[in-house]
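Keep in mind that what you see is a predicted model, and the values were worked out from it rather than measured. Quick note: numbers below take in every heavy atom, side chains included, and nothing from hydrogens, waters or symmetry partners.
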Amino acid sequence: WGRCMGDECGPGGIQTRAVWCAHVEGWTTLPTNCKQPERPDNQQSCFRVCDWHKELYDWQIGTWDQCRPVLSRSHEKPQECLRGEDGIQTRDITCIQKSNGVPAEDVICEYFEPKPRQEQACLIPCRQDCIVAEFAPWTECSKTCGSGLQHRTRHVVAPPQFGGSACPNLTEFQVCQSSPCAAEESLYSLSVGPWSVCSVPHSRQIRQARKRGKSKDREKDREKAVRDPEARELIKKKRNRNRQNRQDNKYWDIQIGYQTRQVTCTHRNGKTAALSFCKQDKLPITFQSCVITKECQVSEWSEWTPCSKTCFDMTTPKGNRTRSRTIKQLPIGSESECPQLEETEQCITQGDGVAPCITYGWRTTEWTECRVDPLLNQQDKRRGNQTALCGGGIQTREMYCVQANENLLSYLNTLKEKEASRPVDRRLCTGPLPSTSQLCHIPCPTECETSAWSAWGPCTYENCDDPQAKKGFKLRKRRITNEPTGGTGNCPHLLEAIPCEEPSCYDWRIVGLEECVPDNEKPCGPGTQVPIVICVNSDGEEVDRQLCRDAIYPIPVVCEAPCPKDCVLSMWSVWSSCSHTCSGKTTEGKQMRARSILAYAGEGGVQCPNSSALQETRSCNEHSCTVYHWQTGPWGQCIEDASVSAFNSSASWNGEATCSVGMQTRKVICVRVNVGQVGPKKCPENLRPETVRPCLLPCRRDCIVTPFSDWTLCPSSCQEGDVIVKKQSRHRVIIQLPANGGRECPDTLFEEKECEASPICYSYRWKTHKWRRCQLVPWYVRQDSPGAHETCGPGLQARAITCRRQDGGQADISECLKYAGPLPSLTQTCQIPCQDDCQFTNWSKFSSCNGDCGGVRTRKRTLIGKSKKKDKCRNSQLYPLIENQFCPCDKYSAQPVGNWSDCILPEGKVEVLLGMKVQGDIKECGQGYRYQAMACYDQNSRLVETSRCNSHARNVLIFITGVSVFICSPACSAEVYLNYWFEELGAIQRSM
């Protein structure tokens, strides 16, 4: 296949190849010898690669797979492996799009970089079986009395490799017997039952607890009211805040209950005994606080939303409609998740008032002129600049997407036939793509070819209808045997004339001779032949014999009727070519013919002539060398002729529609051969070529462009992270180029403008509130446990969580469920300290980080009350007072905001900018700077101080205090001009 050709980059190119018919033995034969239906294609679509595709495509190189043995010629393998076995390993190499990883054709990546090798030789090492050491001695018995276990181990010396046998067991066990155990031991065992279901405390107990709590609160309120008159207002605010938290926490109605389990001591015979018989350092707890399990509760389904497809069309995909429901109660303590909150189904909008759907289709512009140069290599192109290119070429056209049923929607009622539809987004057209290139042929120029000159004709009057004096002309003609490119105007003259005397318009022409009739009625010997004649005019055409009455009639011709014993001669040969083309004072044309003796004369017969009589010579081209002919110049420009007003635009000329008919003129002169121009009377006036002719004035073709497309859409939703001002654009397509003086195409085919900056998306976070009071297992459950206290011990506490935006504003809980990550814990274990327990202050907040990765932050707490004097509480190993934690490793990135400024040149005598001195007066060219605002974001796309973004460089880009600077150079005179950088299809290019 040849190179992929086309005007546009990407799909839509075309490539060709030569296809010929060949004999099975390899030599080329006629195409008709091969079956035409089996002829392979000589043209196919292809992907035309351009330089900027390098930024979009690259090789994806996979890892080498396992080394596999190469099939050996001999199937016998050596008994002992010495150095390994030769193998081969492969890997996958694919050309992909960098943006989405979609595979592409290999030729795209091969355009920039050869395809890496996919195979390589490798060595498969010899198999190595697992090698283990000897077993170690048996360990001691696991029990000091009764039956126990002991084991022994061994270790791996060399692991298996390259398909070797696996390692055997590394550990062995065996039963061992020690002395019998005493009777008291192993009679009792401790059994722990499962936890019961989480239960709510009895209402009576709750009421008592509430009364106790309210009485305590009343006493505290009285004390505070006595001590501080403003305390009541503070308590009121706190209660309101707690009430608000409880309202925000409506999704989690957390109830803390308790659960128990049985711990029993069981005799070997199965009977329950007192716990004291089971010797345990610490018995398992039999109660604990827990959270009452609640399943997820959701609301009823909402009504279906309107169908997304508001028009009727059975051919395109259906629309969708959705309905939703909300969460009333999130699951607490349950493993089952909430059911689906949104449901979608397909739908079709039908009815009398439903409009048909808009359909879209491809339109194409006119084909460009056939061009050969895109198919040439560089060397051929240089040669093509010197010579006209012809032969096989390529022509292209542009395609665009439009509404296909605009007439149905009454959009084309007022449009002219040639006016085009507005282009729309190409993604709306789903039909097959029309071809944008096709092969064509430019005929190669052909030279004019003419026949040889005919013989000079008779001397005839210039005009037989009006003979004047005795002046006449002899004519000779030639005809065109091969029409040249561009018509017969490029051919040489076809008629030449020479003056002659005594002209005649009609003459006799001998067309044959009758048989030779011997004289005196003898059977053989000398005789005469009567000529057969016709009457012809000056053009050689046969006419009525009466017109030749004034011409001299040809006389009979002397001949010889052969006798039986006469010398026999051959026929005369054809006359040789004339020695001169014309006759003058010093030149005379001669031509000769000859014959030969076929048989000599017999006795009494006429003898053969001598050798000189076997040749004949005659004069030829006796006309004068003074030859004249009419010479024509090229036709001039076609000029409109106002006198031909009856011709209107509906007329046709040679099958083509015309707008008007004009006139063309050319110069006609009489030329003497080998001399030059002479007076017109020297040439036959009646054969003078025309100097004026009507001509076709082609219609003016104005440039036709489509209306501008709609503006592309700006981002309608908020933008995450950096807010980059995007642009919207619109375009139009040229569907007819101007010709014949028509209106030129507009300069602007593409327009763009900046979109309004989109708002930054809110980010959401969970806000956790203070932990509530630690809730213990009810005392009536704990009171029988040894060491239990009514007002202290382990319990559970809950807290409220709410959803907040990053700016602190309240948000719906559903936003945090989507975007804020996992839920913080709603409950935690807590401990109400008893008198003997160590008591501490709450942990302080962690210290701030310095921003560097690998830093450490700390928090502290202190002992309070009597705990300060207890030795066990001061043990920092058991009760640490300081906690360290590594700082999170934040990542910051600088993002540009807005566009680059113009190139600003330094002013003044000396300026210091970015640490560089620039000296000189105000200039209009030279080195300057462009500026662009920069913003600093963390990994969560939150705006932070610009100082956190380290200085970095990209090209000659310097980031300093939130401003990006780019060194630029406005072109001075006599310098190379570089246009601005521009972005196209994701690739950065620069034109020059």
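- Here the closest non-hydrogen pair linking Asp507 and Ala551 is OD1-CB, 3.8 Å.
- A distance of 14.5 Å separates CZ of Arg509 from CD1 of Ile532, quoted to the nearest 0.5 Å.
- Annotation for Val533 and Tyr553: closest pair CG2-OH, 3.2 Å, computed over non-hydrogen atoms.
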side-chain hydrogen bond (donor to acceptor under 3.5 Å, both in side chains), that's the test. Do Gln591 and Arg618 meet it? Break it down for me. CA-CA 6 Å; Gln591 59 184 162; Arg618 72 175 182 181; 2.8 Å; yes
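- To the nearest 0.5 Å, atom CZ of residue Arg371 and atom OG1 of residue Thr396 are 7.5 Å apart.
- The number of heavy atoms from other shown groups lying within 6.0 Å of NZ (Lys590) is above 12.
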Take Val733 and Glu398, measure what side-chain contact (heavy atoms from CB on, under 4.5 Å) needs, and give me the verdict at the end. CA-CA 8 Å; Val733 180; Glu398 189 176 350; 3.8 Å; yes
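- The existence of a salt bridge linking Glu110 and Lys115 is excluded, since no basic side-chain nitrogen approaches an acidic carboxylate oxygen closer than 4.0 Å.
- Under the 3.5 Å distance criterion, with hydrogens and angles disregarded, no donor-acceptor pair is assigned to the side chains of Gln15 and Gln43.
- Between the CH2 atom of Trp572 and the CD atom of Glu616 there is a distance of 4.0 Å, given to the nearest 0.5 Å.
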Evaluate Gln664 against Gln637 for side-chain hydrogen bond (donor to acceptor under 3.5 Å, both in side chains), listing each step before the verdict. CA-CA 6 Å; Gln664 278 180 296; Gln637 185 178 0; over 6 Å; no
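- At distances below 3.5 Å, at least one donor-acceptor pair connects side-chain atoms of Asn610 with backbone N or O atoms of Ala613.
- Within the 3.5 Å criterion, the main-chain N or O of Glu690 finds a donor-acceptor partner in the side chain of Arg666.
- Annotation for Glu369: atom CD does not count as buried by contact number, only 12 or fewer foreign heavy atoms lying within 6.0 Å.
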If you apply the rule side-chain contact (heavy atoms from CB on, under 4.5 Å), what do you find for Val673 with His629, and how did you get there? CA-CA 8 Å; Val673 176; His629 67 85; 3.8 Å; yes
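- For Tyr400 and Trp362, the ring centers are positioned 6.0 Å apart or more.
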